[in-house]
Structure formats: structure tokens, C-alpha cells
Chemist: 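Before we start, here is the structure in question, set down as C-alpha cells.
Letters A, B, ... mirror the listed sequences (proteins, then strands); counts begin at 1. We use all heavy atoms of the structure for the numbers below, so side chains are in, but hydrogens, waters and symmetry mates are not. No experiment lies behind these values; they were computed from the predicted model shown.
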Number of protein chains: 2
Amino acid sequence: MTTNGLQHRQTEIPEEINGLRMTRQRQEVYRFLMGERTHPTANEVFISIKEALPHVSLATVYNCLEALVQHKIIRQVNFDREPSRYCPNLDEHGHFHDETTGTIHDIKFKPGINLTDILDLPPNTVIKDIEITLRGQLA
Amino acid sequence: MTTNGLQHRQTEIPEEINGLRMTRQRQEVYRFLMGERTHPTANEVFISIKEALPHVSLATVYNCLEALVQHKIIRQVNFDREPSRYCPNLDEHGHFHDETTGTIHDIKFKPGINLTDILDLPPNTVIKDIEITLRGQLA
DNA sequence: ATAGTAATAAGAATGATTCTAAATTGACGT
DNA sequence: ACGTCAATTTAGAATCATTCTTATTACTAT
Ligand SMILES: [Mn+2]
Ligand SMILES: [Mn+2]
Ligand SMILES: [Zn+2]
Ligand SMILES: [Zn+2]
């Protein structure tokens, strides 16, 4: 019988994703985000993974989130000047911010739509990223 | 001969726009933004209008910008977590952030396009605002 | 002019995020 | 296993755009 804590692991996360070594802290951040549709903030991630890693620091959560974003494992989402939120959905999608409840919802694009088709862009423009944000009420 | 400083005014800005009283400070902020396509930050506005109003404070610039935004006279534009920028273009448009030069460009939509047509939104959704941001290079 | 309200100014406070420096961990070769 | 080196984590300090506080000044209306 060992005490390495690996024997009863429930969700298996690979050693490495997109070239990023998945340390215990990164695993917990990633696992939590994968189970959330709410686009949590860094602080919400911090509070939640403290259950599994009581000694984790907020700086590490920021470090993990930055590493995961840079390796395109998760996405960072910003609403105006509010604290950044994090999204595990890698499909191209927009974000709807419901003013009534404060909740955030992923918005898919209708099938067959190319965002660049509707934009009046100069020729030969290289687009690295598109962000679409909506604010309103889910009537 | 008077010293009220109003006799040689070059650009006439009305006393009131969209129900907002145009104080001297608000006029200068607004006048500067109207002459800029660069989407300046609050600090850039501050530095520029100090020529005309040497005693203006940065807090006042923030106050003015907030008032102008709330009365839909200008628009606030955010790129990730960078300082907010301000835009005098009230037409519906997106923003392209050129990584090479750091410049920001307004992006028009192709004629006859309704943004909501391409989004897979739940029925009866009230949309108060849409923001489209692109990042890349103007090849 | 007086009173009441709105706006401005200067500086302090805020808070999400980043930085610093020291300790810990992991990977790799011996 | 051991030593070495790089990567990662940690706690706390620092950063800095923005907001807040409070006193002063400017309008507006009687
Ligand atoms: Mn947070
Ligand atoms: Mn600024
Ligand atoms: Zn999302
Ligand atoms: Zn613009």
C-alpha cells in the first residue's frame, strides 16, 4: 500500500497536453474548468481547487491559467474591465453576458458561417483571433 | 473685449448632447476624440487636452469619458486586459488590433449583414450590445 | 445674491494581476 | 539511488488602471 495519491484517481488527465506538462496544479485547474460551464474567474478556480490542493497559491492558479491559455488548452474571456474568466470550450464561439442573472453563455455560430465573410477586411489580412461578446437579457 | 474665452472658438460643440451638459472639460475630451482615429486611452486624452486645460485632472478625464459613454456619445473599447480605449465612431463596427504596429482599426460589416442572423441565439433574446474584436496582422 | 445641485480636482484607496525571490519538484544522466 | 539543472510553485510585495473621497468650484434657478 502506497501513499502517492495516484491509485484512486477518478479522471485521467494525460501527462502532457499540447506540449504542456500537466503538473498536479495544472491538472486540478484543468479538471475544474472542464466540469464548469460558468466561465469561472481565477479566484473562483483558486477557491475550488483548494479542496484538493489546500496549499495551492493564487499566483500558481494564475500561472496555470496562463500556461493553459498559451498552449490553447483553455481560453481566456474578458468582459469589459471585469476580472478575466476562463472557458474550456475550444470550438469557435461567442459569449453572451446575461445582465439579469450575471451568467455567461456560450453562443454558437449558425452552421456554414464564416465570420470573415461578413467583415469588410482589407485583403491579405492575417487573423489570429476573433472575439464576439454580447450583452443583454435572456427574455 | 471680454476674457471668457468663447470668442475665438474653432469647433462649435453644442451646450448639450444626448441630454448631457457639455462642460468645458467634456468639450475638450469630446473634441479630441472626434479628431482621432487611434482609439486613445484615458491617459492619452489627459495628456492631449492639458494643452487647452492645463489644470484638468485625470479623474475628471475618467469622469468625462464615463459620462460620454453613458450618454452614447462615444464608445468604450477593451482589448483583453489593456487600458480601455475610446472611440467616437457610433456606427456598428468591430475593431482590428494589428499585432505588428499595435494600431487599432475600425472594421465595418459588409452591407446587408445582421449580426444576429449568424448567431445561434435562444428565441426572445434582448441584445443590448455586440462587440467584435480581431487580432492579427495587416499583411 | 442666495441656495441648491452638479462637476471638478487632488490625492488616497482599490483590486486584479504581475513580479520577485526563495523553496520545492521533476526529469535526466550516472 | 545520487547529483545536477531546469521548471514550477509559493508567499508576499509591487504594479497600475481605475474608482473613491472629500473639498472646492461652477452652474442653475429662484
Ligand atoms: Mn478573479
Ligand atoms: Mn490609460
Ligand atoms: Zn465559452
Ligand atoms: Zn472604433
Chemist: Whole angstrom is fine here: how far is it from CD in A:Glu66 over to P in D:dA7?
Modeler: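 So the CD-P distance, A:Glu66 to D:dA7, works out to 15 Å.
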
Chemist: Can you tell me the distance, in whole Å, between the CD atom of A:Glu16 and the C1' atom of C:dG26?
Modeler: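 Computing the A:Glu16:CD to C:dG26:C1' distance gives 13 Å.
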
Chemist: Just jot down the ring-ring contact (aromatic ring centres under 6.0 Å, His included) partners of B:Phe79, sequence neighbours excluded, or say none.
Modeler: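 Result, ring-ring contact (aromatic ring centres under 6.0 Å, His included) vs B:Phe79: B:His97.
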
Chemist: Restricting to nitrogen or oxygen on both sides, can you table the protein-nucleotides 4-8 of chain C pairs closer than 3.5 Å?
Modeler:
residue, atom, partner, partner atom, Å
C:dA7, OP1, B:Arg26, NH1, 3.2
C:dA7, OP1, B:Arg26, NH2, 3.3
C:dT8, OP1, B:Thr23, OG1, 2.6
C:dT8, OP1, B:Gln25, OE1, 3.3
C:dT8, O3', B:Gln25, NE2, 3.1

Chemist: A:Gln76 CD to C:dA16 C1': how many Å, rounded?
Modeler: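 Rounded to whole Å, this separation is 12 Å.
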
Chemist: Scan for salt bridge (charged side-chain N to carboxylate O under 4.0 Å, His left out) pairs involving residues 45-71 of chain B, sequence neighbours excluded, and state none if there are none.
Modeler: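 Salt bridge (charged side-chain N to carboxylate O under 4.0 Å, His left out) check on residues 45-71 of chain B returns no pairs.
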
Chemist: State, to the nearest 10°, the angle formed by the axis through the first five base pairs of the helix from C:dA1-D:dT30 to C:dT30-D:dA1 and the axis through its last five.
Modeler: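 So the angle between the two local helix axes works out to 30°.
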
Chemist: Distance check needed: C:dG15 P versus A:Glu44 CD, whole Å only.
Modeler: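 Rounded to whole Å, this separation is 16 Å.
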
Chemist: From CG of A:Leu65 over to P of C:dA16, roughly how many Å is that when rounded to an integer?
Modeler: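 After rounding, the gap between these two atoms is 14 Å.
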
Chemist: Not counting sequence neighbours, which residues clear side-chain hydrogen bond (donor to acceptor under 3.5 Å, both in side chains) with A:Ser57? List them please.
Modeler: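 Per chain and number, A:Ser57 pairs via side-chain hydrogen bond (donor to acceptor under 3.5 Å, both in side chains) with A:Thr60.
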
Chemist: Which whole-number value in Å describes the distance from A:Phe46 CZ to C:dT17 P?
Modeler: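 Result: 14 Å.
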
Chemist: In the hydrophobic clustering that connects Ile, Leu, Val, Met, Phe, Trp and Tyr at side-chain heavy-atom distances below 4.5 Å, which members other than A:Val126 occupy its cluster, ordered by chain and number?
Modeler: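 Answer for A:Val126: none, a lone residue.
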
Chemist: B:Asp98 versus B:Thr101: any side-chain heavy-atom pair under 4.5 Å?
Modeler: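 SC-SC contact between B:Asp98 and B:Thr101 confirmed.
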
Chemist: What's the closest nucleotide to the A:Arg81 side chain, out of D:dA11, D:dT18, C:dG11?
Modeler: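 The nucleotide sitting nearest to the side chain is D:dT18.
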
Chemist: Output every pair passing salt bridge (charged side-chain N to carboxylate O under 4.0 Å, His left out) with a member in residues 115-134 of chain A, not counting sequence neighbours, ordered by first then second residue.
Modeler: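 Salt bridge (charged side-chain N to carboxylate O under 4.0 Å, His left out) check on residues 115-134 of chain A returns A:Lys128-B:Glu99.
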
Chemist: Going by the angle between their ring planes, with limits at 30° and 60°, are A:His93 and A:His39 parallel, tilted or perpendicular?
Modeler: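 Correct class here is tilted.
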
Chemist: Does A:Ser84 have a side-chain nitrogen or oxygen under 4.0 Å from the phosphate oxygens OP1 or OP2 of C:dT17?
Modeler: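 Yes, because at least one side-chain N or O of A:Ser84 sits under 4.0 Å from OP1 or OP2 of C:dT17.
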
Chemist: What is the distance from CG of B:Leu53 to C1' of D:dA26, rounded to the nearest Å?
Modeler: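 In whole Å, D:dA26 C1' and B:Leu53 CG are 14 Å from each other.
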
Chemist: What is the distance, to the nearest angstrom, from the CG atom on A:Asp80 to the P atom on D:dT19?
Modeler: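 Distance check: A:Asp80 CG to D:dT19 P gives 11 Å.
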
Chemist: Taking the nucleotide of DNA chain D with the nearest heavy atom to each, does A:Leu58 or B:Arg85 sit closer to the 5' end?
Modeler: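 Taking each residue's closest nucleotide, the earlier one in sequence belongs to A:Leu58.
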
Chemist: Go through the structure and list residues passing ring-ring contact (aromatic ring centres under 6.0 Å, His included) with A:His105, not counting sequence neighbours.
Modeler: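 For A:His105, no residue satisfies ring-ring contact (aromatic ring centres under 6.0 Å, His included) once neighbours in sequence are set aside.
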
Chemist: Can you list, by chain and residue number, the hydrophobic cluster partners of A:Leu90 when the side-chain cut-off is 4.5 Å?
Modeler: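 Joined to A:Leu90, directly or through intermediates: none.
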
Chemist: Does B:Tyr62 put a side-chain nitrogen or oxygen below 4.0 Å from OP1 or OP2 of D:dT18?
Modeler: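 For B:Tyr62, the contact criterion (side-chain N or O under 4.0 Å from OP1 or OP2 of D:dT18) is met.
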
